Amino acid sequence: MAATAPLQVQHSFAGGVGVTPPPSPAPALPAASGGGGGGVSFGNASLYVGDLDAAVDEGQLYDMFSQVAQVISVRVCRDQTRRSSLGYAYVNFINPQDAANAKELLNFTPLVGKPMRIMFSHRDPSLRKSGYGNVFIKNLDSSIDNKALYDTFATFGTVLSCKVAIDSSGQSRGYGFVQFEQEEAAESAIKRLDGMLINDKKVFVGHFVRQQERKKDNAHTIFTNVYVKNLPESTTDQELNELFEKYGTITSAIVVKDANGKSKCFGFVNFENPDSAAAAVEKLNDFTFSDKVLYVGKAQKKAEREAELRNKFEQEKLKKYEKLQGANLYVKNLDDSINEDKLKETFSPFGTVASCKIMRDQHESSKGAGFVALSSSEEAKKALNEMNGKMIEGKPLYVAIAQRKDQRRSWLQVISLLLLCSFLYVLSHKQS
DNA sequence: TTTGAGCGC
């Protein structure tokens, strides 16, 4: 019998598909750093199952997921009036580990011919809406499926969602998406994989940009109106025209003035064609004119500029939030003599103590517990490893990552569930 | 060639 052709998939690194640099003057692929992360969203035993065929029902999902762990409940989300499936469902487990195992084993398994896309349930839509950490890949070989794409990218960080676009017959369209939890992971994946060969095809890997935005970006590069700021106060329309006319035919050049006719030190120059405008920006931005360093760029509409600023602000906010996740420590079993200053001193060897707090009763005496906020989760982890169990004033210190209030509540729910279980257990034994 | 969709009682 003839040997079957071997699969053209080389497992060259961390379970991913073989990735090689292109033949000529391309950078070598450094060893992929780990940091995969199990993706167990702490305390979350609920899975979101998406990309479902409309025919998939609760029973099929229950049968499928029960093979991995005990399923508490399944819900297919449906249109309220027509009762038709919205193409996604929730599968709930007893504990996060069961959910993680089910996700690991069943992600991308086809159900009624369509691969399920499984994620931890995440009700907060801010990450989904932001486009933060979202990566686009094109020029993928047709042999690369969801799983292969996942394995290749999971070496850079926690992958929340991943998909190869397919046509109606299930064939790869040659492009796909990877949504990382962390923007840093997206950046390192882009840096390492863009232009690399995956199964002999040179792939493009870049930040995902919404179709609409791409059109806008294209419009950005084609413009005739130029904005100039930091002009000397004495500059006239005439002088502005003279400064810009060597780059092409100008249809108007004005310096903006206030009610008294005094220059606001900025203006607009409109060219007849976009090439002239681009050349003017290229040559005159940062140009020193009568001791003033000019800013020259594409003139933006007010709404456009505001949108850009808002976007930037949102991104920064998310980055900050991400950095502070896990940077706050909860400490207990503190001796009553330990105050904020002493606590700060104890934790400063591990990084910057952004804030610290001792919990006190109404008489201002220590409750023996408190919080220490460091400036990153890395610092907090280091401090936890070094300080947990360490003797301070004769008492072993307890250190843990501080939990958010909503997560603490979920622990209460777990405890009530356990109590209920033991109650039922005792009851059933009494009966027999 | 190719730039998604998306979170409950």
Side-chain angles (χ1 to χ4, degrees), chain A residues 39 41 43-54 56-58 61-62 65 71-81 83-93 96 99 102-103 107-108 114-146 149-150 153 159-181 186 189-190 193-194 198 201-221 318 406 409-410 413 417:
Chain A
S41 198
N44 191 354
S46 194
L47 294 180
Y48 168 94
V49 184
D51 292 354
L52 295 176
D53 186 274
V56 171
D57 62 17
E58 280 84 353
L61 288 165
Y62 183 86
F65 284 84
V71 171
I72 294 182
S73 66
V74 175
R75 170 190 203 84
V76 171
C77 294
R78 296 176 188 282
D79 181 284
Q80 279 213 314
T81 51
R83 299 270 80 202
S84 54
S85 167
L86 294 173
Y88 66 90
Y90 295 95
V91 180
N92 301 305
F93 295 87
K103 175 164 121 67
N107 203 7
F108 312 125
K114 282 184 76 183
M116 302 182 280
R117 190 162 49 89
I118 307 177
M119 291 174 276
F120 277 100
S121 163
H122 193 28
R123 294 179 121 108
D124 178 6
S126 56
L127 181 75
R128 287 194 288 274
K129 285 200 299 197
S130 71
Y132 193 74
N134 203 5
V135 172
F136 172 71
I137 305 103
K138 68 180 175 186
N139 206 29
L140 281 172
D141 186 79
S142 59
S143 67
I144 307 286
D145 60 5
N146 289 331
L149 191 67
Y150 182 96
F153 281 80
V159 172
L160 297 178
S161 161
C162 159
K163 177 154 115 178
V164 172
I166 48 171
D167 63 20
S168 53
S169 67
Q171 270 291 308
S172 165
R173 295 188 119 113
Y175 63 96
F177 311 90
V178 176
Q179 169 78 64
F180 283 102
E181 185 174 51
I190 290 166
L193 295 180
D194 183 34
I198 301 186
K201 283 193 80 172
K202 186 171 168 179
V203 294
F204 165 90
V205 182
H207 280 287
F208 169 73
V209 184
R210 197 151 253 115
Q211 174 99 271
Q212 236 182 348
E213 302 281 326
R214 317 187 67 230
K215 287 207 187 102
K216 245 194 269 166
D217 282 355
N218 281 337
H220 268 258
T221 59
L318 263 164
D406 52 344
R409 203 172 308 132
S410 79
Q413 284 158 3
L417 193 70

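Model, not experiment: these values are computed from the prediction.
Between the side chain of A/Arg123 and the base of B/dG8, at least one donor-acceptor pair of N or O atoms lies under 3.5 Å. For A/Ser46 and B/dG8, a side-chain-to-base donor-acceptor distance below 3.5 Å is present, hydrogens and geometry of angles not being considered.
Residue A/Asn92 is in base contact, counting any heavy-atom pair closer than 4.0 Å across all strands shown. Residue contacts shown for A/Tyr88 are limited to sugar-phosphate atoms, with no base heavy atom under 4.0 Å away. Across all strands, A/Asn139 comes closer than 4.0 Å to base atoms (heavy-atom distances).
Atom C1' of nucleotide B/dG4 and atom NE2 of A/His207 are separated by 17 Å, given to the nearest angstrom. For A/Arg173 and B/dT3, the CZ to P distance is 10 Å, given to the nearest whole Å. Rounded to whole angstrom, the span from the CZ atom of A/Phe180 across to the P atom of B/dG4 amounts to 18 Å. Note: CZ (A/Arg210) to P (B/dG6) measures 11 Å, nearest angstrom. If you measure from atom CZ of A/Arg78 to atom P of B/dG8, you get 16 Å, rounded to the nearest angstrom. Summarising the geometry, the separation between CD1 on A/Ile166 and C1' on B/dT2 is reported as 14 Å, rounded to the nearest angstrom. For A/Met116 and B/dG4, the CE to C1' distance is 19 Å, given to the nearest whole Å. Put simply, CD1 on A/Ile72 is 19 Å from P on B/dG8, counting in whole angstrom units.
Residues satisfying the side chain to side chain donor-acceptor pair (under 3.5 Å) criterion with A/Asp141, sequence neighbours excluded, are A/Ser143. Looking at residues two or more places apart in sequence or on another chain, you find a side chain to side chain donor-acceptor pair (under 3.5 Å) between A/Asn92 and A/Ser46, A/Ser73.
No aromatic stack links A/Phe208 and the base of B/dG4, using centre distance under 5.5 Å and interplanar angle under 30°.
Of the candidate nucleotides B/dG4, B/dT2, B/dC7, B/dC7 has the atom nearest to the side chain of A/Met119. Closest approach to the A/Phe177 side chain among B/dT3, B/dC7, B/dA5 is made by B/dT3 (side chain taken as heavy atoms from C-beta onward). When each of B/dG8, B/dG4, B/dT3 is scored by its nearest atom to the side-chain atoms of A/Lys163, the top-ranked nucleotide is B/dG4. Set against B/dT2, B/dC7, B/dG4, the side chain of A/Tyr175 has B/dT2 as its closest nucleotide.
A/Phe208 pairs with exactly one of A/Tyr132, A/Phe177, A/Phe180, A/Phe136 by the ring-ring contact (aromatic ring centres under 6.0 Å, His included) rule, that one being A/Phe177.
Geometrically, A/Lys138 does not engage A/Tyr175 in a cation-pi contact, judged by NZ or CZ lying under 6.0 Å from the ring centre and within 45° of the ring axis.
Listed pair A/Arg75 / B/dC9 meets the phosphate criterion, a side-chain N or O lying under 4.0 Å from OP1 or OP2.
B/dG6: glycosidic angle beyond 90° from 0, hence anti.
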- Applying side chain to side chain contact (heavy atoms under 4.5 Å, CB included), run through A/Val56 and A/Lys114 and close with a yes or a no. CA-CA 10 Å; A/Val56 171; A/Lys114 282 184 76 183; over 6 Å; no
